[in-house]
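Keep in mind that the numbers below use all heavy atoms, side chains included, and drop hydrogens, waters and symmetry copies.
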Amino acid sequence: MKATLVALNAHYMHTNLALRQIIKAMPPIEWAVEMVEGHINLPFWDLFTKVMRTNPDVLGISCYIWNIDMALKLARAARRAKPNLKIFVGGPEVSYRAESVLDSQDEVDWVLTGEGEKSFPMLLEAAQGVRAPGDVPGLCWRDGEKAVCNAQLPPLPPEEWPDVYEDGIAGLENRLLYIETSRGCPYKCQYCLSSAQGGVRALDAQESIRRLTFLAGHGARIIKLVDRTFNFDVGRARIIWQGLIDHARATGVRPTYHFEIGAHLIEQRSLEILAQAPRGLFQFEIGVQTSSEQVLSTISRAPSFEKVRQATLALRALGNIHLHVDLIAGLPGEGLESFAKSIDDVCEMRPHKVQLGFLKLLHGSQLRADAQAHHLIYQPDAPYEIIRSDRMSFEELCHLKDVETVMEWFLNSERYPGCIRLLREKMGWYALFDALACTFRSKGILEREQSEKGRAEALLDFMEMRVEPPWARAMLSHDLLSAGRRRDLPERLAFEEDGELRAMLRARFHPVRGQSARRYSVDVLHYLSTGEKRAEECVVIYEARAK
């Protein structure tokens with residue numbers, strides 16, 4: 001007998017942890033279990049034929065908000081191709097609405113809810129006829145026309161969590177590898193599915209270090225922990241961070257470990273340990289969501305913004321950890337003015353990336369259950385994104401989509417720090433992104449795909465209307481050349497080194513291989529180091545960037 005489990009990731013680089021855990025936990029039985037891993041950008045026919053060529057007797061599909069449409073399309077096609085196939089779905093997008101899935105999707109036989117390591121083998125026994133569907137924990141099934149959902153098993157103890165990578169990661173070295181060292185979350189944020197679960201379970205700190213460093217030692221480049229609040233136990237987090245730092249120093253192996261942390265839990269001893277980390281070893285994601293204490297209270301998000309702000313500033317001062325900070329637009333009680341202040345407050349913390357997201361009313365979340373009470377209007381289909389809130393109109397949310405785009409182009413890309421600094425002398429953070437968004441929308445720039453060169457040209461036009469043109473041209477040139485992106489210079493900023501500059505390069509580099517020099521009419525280097533503008537000639541030599 002054959003079971004095929006299908007992962008439909010959001011991108012080729014991603015991997016599916018849940019199905020790997022289920023397969024790794026399988027006891028020795030007569031079933032053969034295979035995973036087909038694809039992504040939602042694949043041509044459907046290619047995916048469909050790849051799945052069906054495994055000749056499954058049971059087909060299981062892992063469902064999330066980004067893949068639910070393709071998942072159900074696959075189930076419908078599979079049913080027609082093989083009418084006797086047993087089809088089940090699982091994952092967060094179906095687990096909290098299992099009865100409605102069974103009522104509306106005839107091609108789905110079962111929905112498996114909860115943790116699947118123990119219940120999946122029992123599902124296979126039910127498919128084989130040696131166990132009744134009513135005896136499979138967490139299974140939702142049809143009893144005649146009625147959908148029935150069985151009670152789930154107790155949460156799996158951490159010592160029984162399978163180590164999905166213990167046999168190596170051959171073929172996955174260049175992809176994003178997910179791993180967990182804890183399940184659950186101590187907080188009850190109303191927009192998050194973790195609020196529906198009780199408590200936190202965690203692997204032993206030393207076992208966590210072993211699993212993480214094993215991945216590093218086998219060539220993993222990016223290791224993302226799916227723990228909802230990694231440092232919920234401050235002492236445990238310190239032990240793991242220290243272990244990863246010690247391993248990197250001892251072996252020279254330095255992947256990037258990505259943690260989602262509670263910044264408010266960062267204290268002095270953690271900072272002292274984190275200060276030892278080699279640059280790039282750790283990447284932290286910090287959920288701010290809003291700087292409004294009133295809104296934070298409304299959504300039951302415990303940490304105060306001020307605690308998060310102070311901790312983030314302390315982490316930023318270390319200079320060795322890449323910081324992502326998240327904001328959510330459309331939360332109940334937050335209007336555009338308040339959210340603009342949240343952007344200002346977060347940008348002042350100087351994270352490396354500000355992720356502007358939009359509220360999604362997920363099945364199983366408290367906010368979805370209370371949407372009517374909060375006057376939240378959202379898309380009826382996945383990803384259930386906010387359309388209108390009690391304080392923010394549809395038009396304002398659309399405008400924030402434009403703000404998100406220009407923030408990605410000019411802030412999160414980290415390619416235009418000098419230009420941003422110049423413009424910030426004239427306006428605040430949100431005011432800057434608001435003006436860019438309005439200007440680009442009015443000129444049709446946001447309505448079509450833009451190359452980096454096209455973005456640079458649009459930014460230069462914007463700057464020349466607001467700062468002295470010589471400074472605008474010099475700073476944009478300097479930013480792009482410093483980033484190794486000479487090819488993206490607007491045509492009017494293209495240049496060739498004169499004889500004196502070429503001689504300077506030949507004297508310094510033997511031979512000249514990709515280095516360049518540029519003469520400016522204003523001193524961009526002095527401005528960037530002191531903030532003082534000097535209308536004096538400046539020559540800058542740019543090193544070649546490795547490709």
Without hydrogens or angle criteria, can the side chains of Q128 and E30 be said to hold a donor-acceptor pair below 3.5 Å? yes
Looking only at non-hydrogen atoms, find the nearest pair between L102 and A147 and report the distance. CD1-CB, 4.1 Å
Looking only at heavy atoms, which two atoms of V253 and G217 are closest? And how far apart? CG1-N, 4.3 Å
Residues E173, R221: salt bridge by 4.0 Å N-O rule: no
So, using salt bridge (Lys or Arg N to Asp or Glu O under 4.0 Å) as the criterion, who are the partners of K224 when residues are at least two apart? none
Crowding at NZ, K73 (>12 non-hydrogen neighbours, <6.0 Å): no
Residue pairs passing the ring pair (Phe, Tyr, Trp, His ring centres under 6.0 Å) test where at least one lies in residues 22-44, sequence neighbours excluded: F44-F48
Report yes or no: do Q152 and E115 form a side-chain donor-acceptor pair below 3.5 Å? no
Short question: side chain of R183, backbone of P155 - any donor-acceptor pair under 3.5 Å? no
Is it true that E37 and N9 share a donor-acceptor pair across their side chains at a distance under 3.5 Å? yes
Considering only heavy atoms from C-beta outward, does the side chain of L47 approach that of M70 to under 4.5 Å? yes
Any ion pair linking R79 and D109 (charged N to carboxylate O, less than 4.0 Å)? yes
Using only atom types and a distance under 3.5 Å, with no angle test, would you say the side chain of N231 pairs donor to acceptor with the backbone of I261? no
So do the side chains of T15 and L17 get within less than 4.5 Å of each other, counting heavy atoms only? no
Is a side-chain donor or acceptor of N67 paired with a backbone partner of A7 at a separation under 3.5 angstrom? no
Salt bridge D488-R455, side-chain N to carboxylate O under 4.0 Å: no
Geometric cation-pi criterion, R211 with W161: 6.0 Å, 45°: no
For the cysteines C185 and C192, is the SG separation below 2.5 Å? no
I'd like to know if the side chain of T181 pairs up with that of R236 as donor and acceptor (distance under 3.5 Å, no hydrogens or angles considered). yes
For S300 and Q190, test the side chains for any donor-to-acceptor distance below 3.5 angstrom and give the result as yes or no. yes
Result of checking R20, R210, K24 against D163 for salt bridge (charged side-chain N to carboxylate O under 4.0 Å, His left out): R210
Taking every non-hydrogen atom, the tightest pair across T113 and C140: CG2-SG, 4.1 Å
So E160 and R201, salt bridge (Lys or Arg N to Asp or Glu O under 4.0 Å) or not? Walk me through it. CA-CA 11 Å; E160 296 184 32; R201 293 159 287 147; over 6 Å; no
Mind telling me whether F120 and F88 have parallel, tilted or perpendicular rings, with 30° and 60° as the class edges? tilted
Taking all non-hydrogen atoms of both residues into account, name the closest pair between I239 and Q206 and its distance. CG2-NE2, 3.6 Å
Please find the pair of heavy atoms, one from L361 and one from R368, that lie closest to each other, and give the distance. O-NH1, 2.7 Å
Are N16 and L5 side-chain neighbours, meaning at least one heavy-atom pair lies under 4.5 Å? no
Within this structure, what is the CH2-CG distance for the pair W110 and L139, rounded to the nearest 0.5 Å? 6.0 Å
How are the rings of F282 and W241 set relative to one another: parallel (under 30°), tilted (30 to 60°) or perpendicular (over 60°)? tilted
Enumerate the ring pair (Phe, Tyr, Trp, His ring centres under 6.0 Å) contacts for residues 203-223, please, sequence neighbours excluded, ordered by first and then second residue. F214-H218
Does K307 NZ have over 12 foreign heavy atoms under 6.0 Å away? no
Please find the pair of heavy atoms, one from L315 and one from I266, that lie closest to each other, and give the distance. CD1-CG1, 4.3 Å
Side-chain donor-acceptor pair present, R228, Y187, cut-off under 3.5 Å: no
Say whether, by atom type as modelled, one donor and one acceptor occur between the side chain of R309 and the main chain of M349 under 3.5 angstrom. no
Within the structure provided, determine whether Q310 and H264 are in side-chain contact (heavy-atom separation under 4.5 Å). no
